[in-house]
Structure formats: C-alpha cells, structure tokens
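Following: one structure in structure tokens, then a few remarks.
Every heavy atom of this structure was used, including side-chain atoms; hydrogens, water molecules and symmetry mates were not. Whatever order the structure lists them in is the order used to number ligands and atoms, beginning at 1. What you see is a predicted model; the values in this text were computed from it and never measured.
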Amino acid sequence: EPKLSGKFETLMTWVDGMRKLKVRTNADTPKDARIAVDFGAEGIGLCRTEHMFFEAERIPAVREMIIAQSLEARMTALAKLLPMQREDFMGIFRAMGERSVTIRLLDPPLHEFLPREEKDIIELARTMSIPVDDLKARVDDLQEFNPMLGHRGCRLAVTYPEIYAMQAQAIIEGAIAVKKEGIDVKPEIMIPLIGSVKELAYVKSIVTEVADDIIAKSDVKLNYLVGTMIEIPRAAITADEIAKEAQFFSFGTNDLTQMGFGFSRDDANKFLGEYEEKGILEKDPFQVLDQAGIGKLVKMGCELGRSTNPDIHLGICGEHGGEPSSVEFCHRIGLDYVSCSPFRVPVARIAAAHAALKEKSGDQVRDK
Ligand code: PEP
Ligand code: MG
C-alpha cells in the first residue's frame, strides 16, 4: 500500500501546521479508508452507499424491495440487507478509528437497480411469486426519462422511508458495536439531494426516530450528527432555512455544477471541449470549481447557513474538494473541511496550506 515517507513526510508536517482547512476523504470501503488515513485524511467526508447495494448477493433483495408493493414484502427484503449494511459500516468505523465518518444515505438513480435481462426478470418474478408480466409492468412504471433529475437521493426516502430507516439502524447499531470494542466512533449521517427544509425535516425524522430509539435502549452513550448535502441550487438559496434542521452541510459540487449550469454530468464532455477551445469556458467546471457562478452558490450557502446556525459545520465533497484552485476558494470562504478521493488527500493538504500562506502574505484577502 502506498505510504508517504521520509523527507516528504517532514514537509507534510510543516504543511499541516500551516493550513486551516481540515482534509477528509471520500471512501466507501475499509481499504480506501485505510489508504486515505495513510495519506493523512482526518475523517471521511463522504461515504457513498450506492455501490454496496449492487453486490451480487444483495442486488436480488434490492430489486425485490423496490418492486414490491406491500410494505411487508419490502421489510422482508430490507431485513436481508440490514446485517450486510451493519458489517459495511463497522468495517469503515474500525478503519477510521476516532475520526469523523460521514455516511451518505442511498442516492441512486433508481433505474440502475431495475432488472434488465430476461433471466433476471424471470428469476425475480419467481422469488416474489408474481406473474412475469406483472413484474415487467412494474419495472416499466419505475423507468424514468430523466433519472438524474428524478427518483433519486432523499426523494427515494419520501417514497420508500423504510430504506433510510434500515440504513440508520445499520449505522447506529454498527457504531454502538464498534464503540463497545473501545473505539470512540463519530458517525455523521448525511441526507442527499435536499431541495427544501420541509423535505429535510421529513427525511431527518425517519433517521432520528430510528437512531434515538436504538441509542435509548443501548447501554452505550453514542453521539451522532445529522446533516445534508447542499447540491441543488434551491438548497443553497434557502440554506438559512435548511440550516435550522442540519448540524452540517456538505456541498456536493458535482450535482451543484450539473444543476447550476444545466450541464449533464454524464454527457457534457460531448461539447465542453469545444467550449474550452473557443474560450467560452476557461476550464471544465466539473473539474475546477466555477468560482464566478457555482462558487457563489457555495459561498451564499455558507453565509446563509451560518446566519441561522452559527455552529454549523461546513465542508465540500464534490470532485472539487481535491483540486488546488477550488481548495483555495474553499479556504477563502471559510469552509471547515474539504473531502476528496484518497489519492488527492496530499494535494488537498498542500493546497490548503498554500491558501493559508497566500492569505498571510497578503496576496489574498479572506472574503469570509
Ligand atoms: C456531488 O454531487 O458533488 C456529490 C459529491 O455526490 P455524487 O457525486 O455522489 O452525486
Ligand atoms: Mg450528488
């Protein structure tokens, strides 16, 4: 496994003494979490949970859960997934020790979970004891023309509250179990794709009801945070309201860029090259934070959030969290941390120190 060593490590110690921004990582497995810790990550800023549901032994239960129309059948399918989710989170908590771990609740484009191949459809109809044609009709109903603007993120918890309830249970039970092993775990539960405070209040109540009940019945004292991604322009614009229901914000600048520009994350590469060549755009905004536009939304989200919740913890977990000029911007607007993929952690640490030094030398005025 890659490790920083020798003189470079000495340099990084200086770097860490200079920066104000904390650096966390985006990691979904204990292996990635350990690599990131070796690179100096101070926590997990984004643990995506989508990929966990695609594993071969889980996907049939996931499909059952989505397609089933009775709550009972959905609960049966979720009961199969719960122990595996608990294990997922325990592995990550152990790898991160006492560092904060932000786990984001499921945020899939729903259609990716739907069975496509005839053999999968037939098998699923058999397991669920329903006619193949009924199952096909249900799958058709769930298809969407524009999945990235559709049934994803917290919207899934509005239609299927039991999914987030299961994940909250797995997180809290896993955290309690690892705490009993002697590690002072710090779980943070993050709700994706929030666009309004009422949506957050509703979804948060699903999470806290489950979590508080488990904690009350346990002999271990556990603190946890609940916060939200800010990745829809409306969330940034109404961040003062949203902050009343959130202990932290994490700016999802991938989606914020997509929805701010109206550029598809999946397809914009078909024309962005020409935009750069013709000087219409200086940089790919999915790589380098567009400070003049999307950055303003982030800055506004911070200011509004702090105006109603001065203690709110602020971070970023979009790709930009590991890109130097974007990290400098995050420093200037006063975020608490950036979060990036494990291999970008050293770059983010250096960029954060560079931003602090630049400010100190008067090159840059901190506009917080
Ligand atoms: C984002 O939108 O910036 C984000 C971090 O979430 P994801 O990339 O998983 O949509
Ligand atoms: Mg997102």
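Shortest non-hydrogen contact noted between Gly43 and Arg99 is CA-CB, 3.9 Å. Residues Asp32 and Pro342 approach most closely at O-CG, 3.8 Å, considering heavy atoms. Taking every heavy atom of both residues into account, Leu193 and Cys154 meet most closely at O-SG, 3.3 Å. Pairing each heavy atom of Phe39 with each of Arg349, the nearest pair is O-NH1, 2.6 Å.
Here is the list of ligand 1 atoms found below 4.0 Å of a heavy atom in Leu46: 5 (C). Per-residue contacts place Cys317 under 4.0 angstrom from the following atoms of ligand 1 (heavy atoms of the residue considered): 5 (C). Close contacts between ligand 1 and Gly252 involve ligand atoms 1 (C), 2 (O), 3 (O) [criterion: under 4.0 Å to a heavy atom]. Of all atoms in ligand 1, listed by their number and element, those nearer than 4.0 Å to a heavy atom of Arg265 are 2 (O), 7 (P), 8 (O), 10 (O).
Under the 3.5 Å distance criterion, with hydrogens and angles disregarded, a donor-acceptor pair is assigned to the side chains of Ser339 and Asn26.
In terms of protein heavy-atom proximity, atom 3 (O) of ligand 1 is closest to Asn254 N, 2.7 Å.
Only one option out of Leu304, Ile312, Asp336 pairs with Phe249 in a side chain to side chain contact (heavy atoms under 4.5 Å, CB included); it is Ile312. Just one residue in the list Glu199, Glu245, Glu209 forms a side chain to side chain donor-acceptor pair (under 3.5 Å) with Lys204, and that residue is Glu245.
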Go through it in stages, so that I can follow the logic: the residues are Glu42 and Arg19, the test is salt bridge (Lys or Arg N to Asp or Glu O under 4.0 Å), and I'd like the CA-CA distance, side-chain angles, deciding distance and then a yes or no.
CA-CA 13 Å; Glu42 296 164 296; Arg19 66 186 162 93; 3.0 Å; yes
For the pair Glu188 and Arg24, evaluate salt bridge (Lys or Arg N to Asp or Glu O under 4.0 Å) and give the outcome as yes or no after the intermediate values.
CA-CA 13 Å; Glu188 302 184 355; Arg24 295 195 190 182; 3.3 Å; yes
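Note on the Mg ion (ligand 2): protein N/O/S atoms under 2.8 Å are Glu231 OE1, Asp255 OD2.
In Arg104, the part holding a heavy atom less than 4.0 Å from any atom of ligand 1 is the side chain. Residue-level proximity to ligand 1 for Arg48 is carried by the side chain, the only part with a heavy atom below 4.0 angstrom. Heavy atoms of His320 found under 4.0 angstrom from ligand 1: none, in either backbone or side chain.
Annotation: Glu231 places an N or O atom under 3.5 Å from an N or O atom of ligand 1; distance criterion only.
Ring geometry for Phe263 against Phe286 counts as tilted: the plane angle lies between 30° and 60°, on a 0 to 90° scale.
At a 4.0 Å cut-off, at least one heavy atom of Met229 sits close enough to ligand 1 to count as contact.
Within the structure, the side chain to side chain donor-acceptor pair (under 3.5 Å) test picks out the following pairs touching residues 273-283 (sequence neighbours left out): Glu274-Lys278.
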